[in-house]
Amino acid sequence: MPAQFLINIMIAFLWTLLMDEDAFHISTFIGGYLTGIGILFLMHRFFGTKFYMIRVYSTIKLLLIFISELAQSSLLIMKQILSPKLNISPGIFTYEHSMEGDYELTTLALLLTLTPGSVVMEVSPDGKTFYIHAMDVEESRDSVLKSIKVFEKAIMEVTRG
Amino acid sequence: MIQTILTIALSLFCLAILLALYRIIVGPSMPDRVVALDMIGVNLISGVAVFSVVLHTHAFLEVILIVGILAFISTLALARFVERGDIVEHKRNN
Amino acid sequence: MHLLIFAILIPFFAAALIPLLYRRVGKLNIGWFVLIVPLILFIIFALRIPDISAGDTIASTLEWIPSLGINFSIYLDGLSLILALLITGMGSLVILYSIYYLSPYDSLPHFYAYLLLFMGAMLGVVLSDNLLVLYVFWELTSISSFLLIAFWFHRKNSRYGAQKSLLITVFGGFGMLAGFIMLHTMTDTFSVREIAATISQYTDHALFYPAMFLVLLGAFTKSAQFPFHIWLPDAMEAPTPVSAYLHSATMVKAGIYLVARFTPVFGGTSAWFWTVTLVGLVTLFWGSFCAVRQTDLKALLAYSTISQLGLIMSLFGMGSAALYFGDGSDGALYGLATFAALFHLVNHSTFKGALFMVVGIVDHQVGTRISGV
Amino acid sequence: MMNNIVLLPMLLPILVGVVLIFLRAYGRVQAWFSIGVMAVSAGIAFYLLEQVQTNGILRLDFGGWEPPFGILFVADSFSLLLVLTTAIVATIILLYAMFSAGKFLQTTYFYPTILFLIAGVNGSFLTGDLFNLFVCFEVMLLSSYVLLTLGGNKRQLREAIKYVVINIVSSWFFLVALAYLYGAVGTLNMAHVSVRVAEAGQGPLLTTVSIIFLIVFSLKAGLLLYFWLPGSYSAPPAVTSALFGALLTKVGIYALFRVFSLIFYHQPEITHTIIGAMAALTLVGGSLGAIAFNDIRKIAAYNVVIAVGFILVGLAVSTPNAVEGAIYYLIHDMVIKALLFLLVGTIISLTGTAMLDKMSGLMKNYPLLGWSFFITMLSLAGVPPLSGFIGKVLVSEGAVESGSYGLLTLALLSSLFVLYSLLRIFKNSFWGETIVSKEDQVPLKKTLLIPCLLLVLLTVGLGLGTELISGYVTDAAETLLNPDIYIDAVMGGGES
Amino acid sequence: MKINDVILKTVSKAAVLIIFTFGIYLFLSGHNEPGGGFIGGLVLASAFVLLFLSHDSETISDAIPLDFKKISALGVLIAFASSTVPMFFGQPFMSQSFGYFDLPIFGKTELATVTVFEAGVALTVIGVVVNIIFSISEDE
Amino acid sequence: METLIILLVGVLTAVAIYLVLSKSLIRVILGTAIFSHAVHLLILSMGGLKKGTVPLLGEEAPSYVDALPQALILTAIVISFAVTAFILVLAFRAYQELGTDDLEEMRGVNDE
Amino acid sequence: MSIREIIEFAGVLLILIGSIMAVISAIGILRLPDVYTRSHAATKSSTLAVLLSLIGTFIYFWASEDFISVRLLLGITFVFLTAPVAGHLITRAAYRSNVKLSESSTEDALENVIARPQNTDNKSGES
């Protein structure tokens with residue numbers, strides 16, 4: 001996967017050199033890069049792996065999920081804050097995830113922390129279990145459990161391709 | 001128009017900081033204060049950003065990142081202190 | 001530059017040499033070597049007698065801090081010569097005496113070094129023309145006296161007496177220094193002769209009387225005049241040769257020398273006359289009065305010394321009356337009083353020195369100096 | 001006129017100090033390096049002093065910014081005399097440190113800190129900018145904090161806290177004064193400030209600012225506000241207190257002289273009167289303190305206070321004689337205070353106690369030490385012909401000239417108290433029955449006496465050889481009394 | 001239950017990268033823009049502090065074998081030595097000079113001697129700050 | 001504006017002095033720190049609060065503010081930083097050695 | 001109104017929304033019953049608030065001066081990255097230092113996992 005990226009950069013660099021300009025122009029480089037993407041899209045089967053822009057796509061998707069979750073959760077919190085009576089029942093519950101490696105784990109934890117009404121409080125020493133504090137346990141447990149699957153899938157798309 | 005909105009935004013940030021300040025003073029527990037402090041840091045960042053828009057200058061943009069870094073480190077240090085009573089461990093157990 | 005400057009410096013060099021010499025000489029009594037110094041000096045000064053009595057004076061200068069007008073200026077006239085002879089002569093005798101008096105267990109090099117230090121300092125006092133240099137030697141006499149009184153410093157009384165004498169004489173010295181500085185401020189010179197020559201212009205100066213009293217303060221503390229006499233009896237803890245030499249014959253005469261030296265400067269005022277005379281008389285009576293009550297022979301002699309010093313002081317005071325009453329320094333009163341004072345000065349030195357030495361011998365032989373035991 | 005060499009007395013110690021940090025493990029090497037650099041800076045200071053006599057005041061503008069912009073170093077006779085003395089005294093103290101310091105001190109950055117301290121001191125003497133003076137003060141103070149706490153026994157820590165807090169507060173007051181001065185005259189270059197003050201006239205505002213300066217520098221110098229001094233000067237080891245006693249208060253005194261002779265000289269009836277009153281009270285307080293204690297370190301520390309009062313009498317009077325005398329006395333005091341603290345430290349290390357009543361009869365066992373102390377005592381009391389004498393005479397003469405008889409009396413009486421307080425030490429610890437037998441006596445390292453004897457020689461030499469330095473001192477006093485010389489030298493090159 | 005710091009460690013790795021980049025940028029931009037040795041040094045030091053906070057001191061000392069006391073000393077040395085250099089060319093202490101050079105790839109670049117001085121300052125600040133944080137916060 | 005800042009300086013100084021005079025060492029340290037900030041503000045306002053852009057070469061504006069007070073304050077901040085750090089370490093050591101951070105109690109601790 | 005001005009205005013509007021959110025989350029800090037719920041307010045809405053205002057600023061500069069501020073982007077990334085971690089750390093620290101959950105809490109899965117000292121009247125207290 002990184003190999004593809006490097007090749008792409010190389011193509012872009014080559015492109016820039018072939019243009020034979022006086023100075024280094026970033027626009028030429030970007031043009032070269034785009035050309036490289038095209039070439040790679042055509043050629044990626046020869047490298048035997050998936051086209052790396054798919055990874056980029058999933059990363060962007062993950063980011064969008066992040067942002068939308070953040071917006072949702074903020075709105076939720078603000079609704080609760082601004083409601084005249086606090087009608088919440090906070091609590092802590094556990095969740096066992098299926099992530100591997102520090103980066104996946106951390107990403108999931110960050111995502112969870114930003115989802116509506118939940119904060120990851122503890123990670124068990126083996127790293128398998130999250131202890132999550134929720135604003136409204138009953139309500140958010142379901143939503144968290146539901147959305148968490150989506151997250152896991154999104155993350156795995158990025159990390160494992 | 002824009003200036004008015006920006007002024008309002010700026011004063012709202014100040015208000016938020018003052019509210020958080022109240023939480024710092026009242027407490028009641030140490031983590032409460034840390035939470036509020038973290039919030040002040042975050043609001044300060046926004047305030048600086050808005051301020052640089054008001055003044056039409058780029059000179060303060062570095063401040064944003066620096067305040068962010070410092071707020072994070074201080075929150076981290078305070079949280080550790082609350083949690084374990086030390087800040088830098090010599091040798092971690094695990 | 002005159003040879004006489006070296007006369008002052010010889011004792012200092014000799015004192016510095018003693019520690020080296022002591023190692024070489026070994027068991028031989030070092031006193032014999034030390035004795036040579038005052039003897040030579042005595043001869044040097046004695047050779048000057050004809051010149052001085054003919055009315056000549058000798059002056060010479062060695063530069064020290066010329067930019068501030070502070071120099072080793074030597075001035076030898078009759079008054080100085082008498083005292084110089086007294087110092088060297090008594091010095092020789094006392095050293096001779098102490099050769100037999102001190103036990104070999106005492107720290108002889110220290111003793112002789114201090115004694116030579118004192119001798120040099122005292123010569124400096126009587127020969128200096130420059131006020132500040134005079135003050136330098138003045139303080140040196142106080143210090144050497146301090147060291148000599150505390151020669152047996154393991155005794156508590158010695159330490160007490162040494163400290164008391166040092167504090168009082170240094171206190172007086174500081175007063176005298178202030179007086180000298182005032183004189184300098186008035187006349188812009190440190191030379192006694194120049195001051196005496198020009199002082200008549202400054203008698204109305206605001207500093208004139210403060211300067212006079214401050215100089216007198218120095219003289220009175222050194223010469224154990226009432227009420228500063230209290231250090232002298234305590235100083236009798238010193239070894240007897242020291243008592244004989246410093247505390248009856250020479251050092252206590254420094255104050256009197258000062259008064260004599262400054263009579264031409266301040267003598268024309270009533271304040272000088274009354275102060276010197278009255279203090280002298282009170283000291284004379286108080287000293288005698290106290291002396292009667294003493295049983296310790298040395299203390300008795302100390303108080304007797306105080307009263308004798310008072311006598312000499314009052315004589316100088318009376319002499320100055322001649323100046324005050326306009327009789328002039330050529331008058332009979334001035335001449336007579338001064339002559340009497342100087343004569344008694346020498347007189348007292350010799351007889352009191354002898355008495356002290358005798359007491360020392362008694363002490364040695366009998367084992368006590370308390371009479372009536 | 002551009003003279004990079006002016007910078008060296010501050011730069012060299014810093015550079016060498018930094019290098020020494022890398023040589024942490026080699027105590028001896030560190031010591032020799034520091035001694036070497038101090039000796040070299042003594043040579044430089046002497047060379048500069050000669051230069052000043054022939055070429056007039058030297059100046060170095062940092063980065064080539066002409067005054068009044070930028071910061072600059074100015075070397076006149078007064079500063080250079082102090083730099084020279086600092087270098088010599090520091091060399092000797094370092095010698096003592098090398099012979100006495102244990103493994104512990106050598107490996108805890110002792111020498112680098114000393115060098116930084118000296119750099120701060122020299123910088124304060126040489127700088128021509130008030131803010132830079134503040135910075136150099138802080139360099140010096142920070143090093144002194146570190147020195148005070150090195151070793152870290154309880155007493156040291158306690159005194160250090162007091163010392164540090166007081167100095168921090170006074171430093172901020174220094175900044176307050178700088179702020180007001182900057183607000184009033186718009187510059188901090190000393191010569192330029194002087195010009196501006198002279199132009200605008202020293203009104204009530206500026207006089208008030210000058211009094212803030214007075215308070216700040218008095219705190220540093222120990223003038224009247226000396227309450228912190230005895231404790232912190234008596235707590236640390238001998239070498240440190242010798243450095244403190246010899247150098248730290250002197251920087252405050254230097255600043256007082258500089259500021260009140262160069263800048264705020266227009267209203268002497270207010271400022272100099274206050275200085276006089278403070279000096280008088282300092283003399284009284286110091287004298288009482290010196291005779292009140294049984295702890296010989298405290299006695300020595302109070303002697304520092306007395307000396308400060310005495311020197312400031314010279315400034316309060318401000319006649320040519322008095323200023324000259326004060327300079328002589330300042331130089332003398334640097335030498336003799338170093339000696340005093342070294343001797344006191346040696347006595348304590350020999351007897352294991354600092355209490356007067358617990359020691360006796362050292363004279364028998366350590367005669368050389370005893371005589372050193374005796375000469376120190378006399379020199380401190382201003383007994384001729386030792387080094388304290390000429391300064392005392394001249395300051396007294398200044399007091400007489402200006403009619404300040406009260407100050408004169410106090411100054412002379414304080415000398416008596418000095419004498420008495422030290423006489424007590426001498427009498428109790430050196431005289432008396434020797435209570436320690438020959439076998440039990442702690443051996444005195446001969447090498448420890450070498451620095452002491454060097455200082456003794458110095459004090460005797462300064463007394464007898466006054467003529468050698470009198471030319472420089474006169475020049476220094478002349479510059480102090482005529483601010484125009486200084487101003488011309490600094491502002492002459494640039495726009496005026 | 002033992003504390004599991006995995007989230008903190010992972011995030012701080014990323015954060016340290018950002019801080020380092022930013023610190024070096026600040027350090028280099030000090031010429032015409034706000035920044036410079038002192039500020040850059042502070043930011044870089046905060047990166048070290050973050051590392052020490054999120055990991056333990058021994059791990060970091062193994063990973064980054066630097067003696068911060070010596071770093072600060074080295075910084076002072078560089079700063080002062082670079083200020084001394086103009087003295088050998090007859091310029092006043094602390095004189096700075098700069099020039100424009102044509103470097104390959106970078107094009108026309110400004111090189112100023114002040115950068116060396118700033119590097120010294122930055123090193124000093126890093127060393128001092130890390131040391132201070134260390135001595136205050138480290139457990140016995 | 002200047003008046004406002006001067007008032008702020010006054011308040012800060014009052015707070016600082018109150019803190020410095022208290023018994024607890026840590027309060028004293030905080031007091032000195034606050035005092036330093038008050039002084040920095042004072043320098044700033046004494047330099048004159050003028051209209052103008054930050055004095056940077058990158059910025060182009062008709063007027064710049066006076067750069068000197070800022071340079072002074074920057075230096076002063078560095079120094080106050082160093083000093084505060086030092087005294088914090090010192091207080092920590094003292095707390096370890098003497099077992100108290102109360103200045104009154106510290107005085108009672110015997111020598112050695 | 002040109003496009004440019006509209007974009008500028010959008011940026012400013014983002015800033016305004018951000019500021020309003022900041023105030024709301026600050027109210028949350030005051031109103032919510034315990035540390036844990038408060039940290040929700042601090043980590044979520046507050047982060048969003050600052051992100052909004054930073055992005056607003058970024059857009060504004062982009063629109064008005066064609067200035068792409070990498071520093072701002074770095075800042076946004078940094079805040080985005082660290083704010084959740086801060087919340088995580090604080091809640092963890094709070095729980096481990098015996099700050100009680102609010103009365104209204106219904107569930108405590110950590111109760112039996114982390115040994116908390118059994119003194120009820122601890123110093124940190126409850127809200």
Side-chain angles (χ1 to χ4, degrees), chain B residues 1-3 5-6 8-23 26-32 34-36 38-50 52-53 56 58 61-69 71-73 75-76 78-85, chain G residues 8-9 11-13 15-16 18-20 22-27 29-30 34-35 38-39 41-43 46-47 49-50 52-54 56-58 60-61 64-65 67 69 71-72 74-76 78-79 82-83 85-87 89-100 123-127:
Chain B
M1 181 63 181
I2 286 179
Q3 286 297 319
I5 295 176
L6 288 175
I8 293 171
L10 209 54
S11 37
L12 283 177
F13 279 123
C14 291
L15 180 68
I17 289 178
L18 285 179
L19 290 176
L21 206 61
Y22 174 78
R23 180 50 71 196
V26 172
S29 71
M30 196 62 189
D32 279 306
V34 180
V35 168
D38 190 39
M39 194 157 166
I40 286 184
V42 166
N43 280 329
L44 213 56
I45 294 174
S46 320
V48 173
V50 178
S52 59
V53 173
H56 284 286
H58 308 157
L61 292 183
E62 277 89 354
V63 179
I64 294 171
L65 198 44
I66 291 181
V67 174
I69 293 167
F72 178 58
I73 291 180
T75 309
L76 175 54
L78 283 169
R80 281 192 72 110
F81 182 71
V82 170
E83 192 172 86
R84 304 172 222 191
Chain G
E8 271 182 28
F9 195 75
V12 174
L13 215 61
I15 293 176
L16 185 67
S19 66
I20 293 168
V23 173
I24 294 172
S25 54
I27 295 171
I29 286 264
L30 294 191
D34 64 356
V35 189
R38 274 176 213 145
S39 79
T43 48
S46 197
T47 311
V50 66
L52 281 178
S53 53
L54 287 186
T57 314
F58 181 74
Y60 180 86
F61 275 129
S64 71
E65 299 174 28
F67 175 72
S69 172
R71 288 165 276 179
L72 263 178
L74 266 181
I76 292 168
F78 193 83
V79 173
T82 55
V85 182
L89 286 171
I90 296 170
T91 46
R92 193 177 77 187
Y95 198 87
R96 287 186 183 258
S97 66
N98 278 339
V99 178
K100 278 188 180 169
K123 269 182 248 160
S124 12
E126 69 273 28
S127 63

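Because only heavy atoms are used, hydrogens play no part in the values below, and waters and symmetry mates are left out as well, while side chains stay in. A, B, ... follow the sequence lines: proteins, then strands. Residue 1 opens every chain. Note that this is a predicted model, so its numbers are computed, not measured.
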Side chains of L19(B) and I27(G) in contact at under 4.5 Å (non-hydrogen atoms): yes

Which atoms of I20(G) come close to chain B, meaning under 4.5 Å heavy atom to heavy atom: side chain ones, backbone ones, both, or neither? both

Rounded to the nearest 0.5 angstrom, the CD1-CG distance for I45(B) and L72(G) is 11.0 Å

Atom group of L89(G) that falls short of 4.5 Å from chain B, counting heavy atoms: both

Distance-minimising heavy-atom pair for M39(B) and A22(G): CE-O, 3.9 Å

To the nearest 0.5 Å, tell me how far I24(G) CD1 sits from L12(B) CG. 9.5 Å

For G75(G) versus L65(B), what's the shortest heavy-atom pair and its separation? CA-CD1, 3.5 Å

Heavy atoms of V82(B) and A93(G) approach each other most closely as CG1-O, 4.1 Å

Tell me every residue that passes ring-ring contact (aromatic ring centres under 6.0 Å, His included) with F61(G), counting only those two or more places apart in sequence or in another chain. H58(B)

Could you look at L15(B) and say if it's the side chain, the backbone, both or neither that has a heavy atom under 4.5 Å from chain G? side chain

Highest number of heavy-atom pairs under 4.5 Å with chain B among L30(G), V12(G), L54(G) belongs to L30(G)

Please state whether the side chain, the backbone, both or neither of S11(B) comes within less than 4.5 Å of a heavy atom of chain G. neither

With a 4.5 angstrom heavy-atom cut-off, which part of V50(G) approaches chain B: side chain, backbone, both or neither? both

State whether the side chain of R23(B) and the backbone N or O of I29(G) hold a donor-acceptor pair below 3.5 Å, judged by distance alone. yes

Interatomic distance, CG@L16(G) vs CG@L10(B), rounded to 0.5 Å, equals 11.5 Å

For A42(G) and V35(B), the nearest pair of non-hydrogen atoms, with its separation, is CB-CG1, 3.6 Å

Spatial distance of atom CG (D32(B)) from atom CZ (R38(G)) [nearest 0.5 Å]: 4.0 Å

Heavy-atom contact with chain G under 4.5 Å, split by part of I69(B): both

Identify which part of T91(G) has an atom lying under 4.5 Å from any heavy atom of chain B, answering side chain, backbone, both or neither. neither

Going by the angle between their ring planes, with limits at 30° and 60°, are Y60(G) and H56(B) parallel, tilted or perpendicular? tilted

Region of L52(G) in contact with chain B, defined by heavy-atom distances below 4.5 Å: neither

Working for side-chain contact (heavy atoms from CB on, under 4.5 Å), residues V35(G) and S29(B): CA-CA 8 Å; V35(G) 189; S29(B) 71; 3.7 Å; yes

Rounded to the nearest 0.5 Å, how far does CD1 of I90(G) lie from CD of E83(B)? 11.0 Å

With chain B, which of A83(G), G11(G), S25(G), A49(G) has the greatest number of heavy-atom pairs at distances under 4.5 Å? S25(G)

Nearest 0.5 Å, please: how far is CD1 in I15(G) from CD1 in I5(B)? 9.5 Å

